[in-house]
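Since the structure comes first, as C-alpha cells, the remarks are kept for the end.
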Amino acid sequence: MDLAYPLTDTVEIDGKTYKLDLSFDNVLRLIDMLNDKQLDDITQIETGLYMLLGVELDYPIDKKEEIFYQIFYETIGKEVEENIPVDIGGNPMPAKKEEKVYSIKQDAPYIYASFYQDYGIDLYEMQGKLHWEKFKALLEGLRPDTKFKEIVNIRTMELPTGKGTEKQRKHIRELKEIYKLDE
C-alpha cells in the first residue's frame, strides 16, 4: 500500500482497460479456489481471471496464464515480493520460514468481531465494497485489545520456563485450548 498513489482497480490488456474486483471477499474466495487441490491449473486460471475481471477472455491458455499471474502478483501478491530481504548487492536472501500466527478462515469470527469492535465495520455489509489493500491495512491496525489481536498474541507467547511458572504455562495451555489455537 502506497498512500501517494491510488489503489489498483484496473488493468490494461492489449489496449483494453478492465475493472478489477479486488474486494476483500472476492480475493478471499480466489485464494480458497487456488488452494482447492481438486481443481486443475487451467480451471483455476480461467476461474481466477473471471473472478478478477468479470468477463471471459478469448485468448489461448498460455496467454491467460500470463495475464492471470501478472494481475495476481501486481495486486494481491505484490507484498510478497516487496518484503523479500536482499543483500547489499540487491540479491534475494534465503527466506527464513515464518510461523503462521493466524488464519483468515479459522479466525473469521474473531476478525469480524474485531473489525466491528474497533472500526464499527460490519464485514458482511462491506462485501463487494472494501478493497483488499484496505482490508489488510485495517486488519494489521487493529488495537491490541480486540479479540483477534488477543488471540494472535496468545499464539505468539513463549511458554515461561523456570521455577514457579507451571501455573503460567497451564494458563496459556488453557487459553490455547479454549480458542483452538493449536490446530
Side-chain angles (χ1 to χ4, degrees), residues 1-36 39 41 44-57 63-86 90 92-93 95-153 155-156:
M1 179 176 262
D2 186 343
L3 295 176
Y5 300 96
L7 293 172
T8 303
D9 64 353
T10 60
V11 64
E12 188 175 313
I13 303 168
D14 291 336
K16 186 172 180 183
T17 301
Y18 296 88
K19 177 130 177 69
L20 292 170
D21 182 354
L22 292 173
S23 58
F24 80 97
D25 52 304
N26 192 51
V27 171
L28 293 176
R29 284 190 297 274
L30 174 67
I31 292 168
D32 276 349
M33 186 269 304
L34 293 173
N35 285 321
D36 187 341
L39 297 176
D41 292 346
Q44 288 181 333
I45 290 166
E46 290 179 339
T47 304
L49 279 171
Y50 188 80
M51 290 175 76
L52 291 170
L53 302 173
V55 296
E56 298 277 340
L57 294 179
K63 175 75 172 173
K64 287 181 182 180
E65 180 180 22
E66 179 184 318
I67 293 168
F68 176 72
Y69 286 111
Q70 180 182 355
I71 293 170
F72 188 88
Y73 286 108
E74 288 180 6
T75 57
I76 301 160
K78 72 178 166 190
E79 72 274 354
V80 172
E81 283 188 23
E82 289 173 358
N83 292 326
I84 294 175
V86 293
M93 302 274 292
K96 65 178 180 180
K97 187 173 178 358
E98 288 192 27
E99 187 178 325
K100 184 177 161 187
V101 294
Y102 69 87
S103 160
I104 291 181
K105 199 174 205 73
Q106 176 186 342
D107 298 325
Y110 309 121
I111 293 170
Y112 173 83
S114 297
F115 268 65
Y116 200 80
Q117 173 190 350
D118 213 3
Y119 308 122
I121 295 175
D122 183 325
L123 287 175
Y124 286 105
E125 291 177 4
M126 295 306 293
Q127 288 180 344
K129 301 173 189 170
L130 182 61
H131 194 282
W132 175 244
E133 291 291 327
K134 292 180 183 180
F135 171 80
K136 291 188 312 180
L138 291 170
L139 182 64
E140 290 298 318
L142 286 168
R143 289 189 326 247
D145 65 336
T146 60
K147 186 56 75 179
F148 174 70
K149 287 292 189 165
E150 288 174 5
I151 288 170
V152 169
N153 185 44
R155 287 184 183 142
T156 57

Do the side chains of Ile31 and Ile104 get nearer than 4.5 Å, heavy atoms only? no

From Ile151 CD1 over to Thr156 OG1, what is the distance, rounded to the nearest 0.5 angstrom? 12.0 Å

Partner set under side chain to side chain contact (heavy atoms under 4.5 Å, CB included) for Thr10, not counting sequence neighbours: Thr17

Name the one of Asp118, Val152, Ile111 that satisfies side-chain contact (heavy atoms from CB on, under 4.5 Å) with Thr146? Asp118

Yes or no on side-chain contact (heavy atoms from CB on, under 4.5 Å) for Asp107 and Phe148, after CA distance, side-chain angles and deciding distance? CA-CA 7 Å; Asp107 298 325; Phe148 174 70; 4.1 Å; yes

Reported CZ-to-CG distance for the pair Phe115 and Leu138, which is rounded to 0.5 angstrom: 5.0 Å

Go through it in stages, so that I can follow the logic: the residues are Leu22 and Val27, the test is side-chain contact (heavy atoms from CB on, under 4.5 Å), and I'd like the CA-CA distance, side-chain angles, deciding distance and then a yes or no. CA-CA 6 Å; Leu22 292 173; Val27 171; 4.2 Å; yes

For the residue pair Arg155 and Ser103, what are the closest heavy atoms and their distance? NH1-N, 4.4 Å

Quick one: does Lys16's side chain have a donor or acceptor within less than 3.5 Å of a partner on Val11's backbone? no

Atom pair OH (Tyr50) and CG (Leu30), whose distance is rounded to the nearest 0.5 Å: 14.5 Å

Ion pair present between Lys149 and Asp145, side-chain N to carboxylate O less than 4.0 angstrom? no

Hey, could you give me each pair passing ring pair (Phe, Tyr, Trp, His ring centres under 6.0 Å) that has a residue in residues 7-31? Not counting sequence neighbours. Phe24-Phe135

Please name the pair of heavy atoms, one in Gly48 and one in Met33, separated by the smallest distance, quoted to 0.1 Å. N-CE, 3.5 Å

Can you see which heavy atom on Glu133 is nearest to which on Thr75, and at what distance? OE2-O, 3.6 Å

Closer than 3.5 angstrom, by distance alone: can the side chain of Asn26 be matched with the main-chain N or O of Met51 as a donor-acceptor pair? yes

Atom pair CG (Leu49) and CD1 (Ile13), whose distance is rounded to the nearest 0.5 Å: 7.0 Å

Answer whether the closest heavy-atom distance between the side chains of Leu142 and Gln117 falls below 4.5 Å. no

Donor-acceptor pairs are to be reported for all side-chain atoms of residues 63-71 against protein atoms at under 3.5 Å, with residues two or more places apart or in another chain.
unit_1: Lys64; atom_1: NZ; unit_2: Glu46; atom_2: OE2; d: 3.2
unit_1: Lys64; atom_1: NZ; unit_2: Leu57; atom_2: O; d: 3.3
unit_1: Gln70; atom_1: NE2; unit_2: Glu74; atom_2: OE2; d: 3.4

Give me the atom names and distance for the closest heavy-atom approach of Ser23 to Lys129. CB-N, 4.0 Å

Could you go through the side-chain contact (heavy atoms from CB on, under 4.5 Å) check for Tyr112 and Asp122 one step at a time? CA-CA 7 Å; Tyr112 173 83; Asp122 183 325; 3.2 Å; yes

What do the steps show when you test Leu20 against Leu53 for side-chain contact (heavy atoms from CB on, under 4.5 Å), and what is the final call? CA-CA 5 Å; Leu20 292 170; Leu53 302 173; 3.6 Å; yes

Indicate yes or no for a side-chain donor-acceptor contact from Thr47 to the backbone of Gln44 under 3.5 Å, with no hydrogens or angles considered. no

In Å and rounded to the nearest 0.5 Å, what is the CG to CE distance from Asp25 to Met126? 10.0 Å

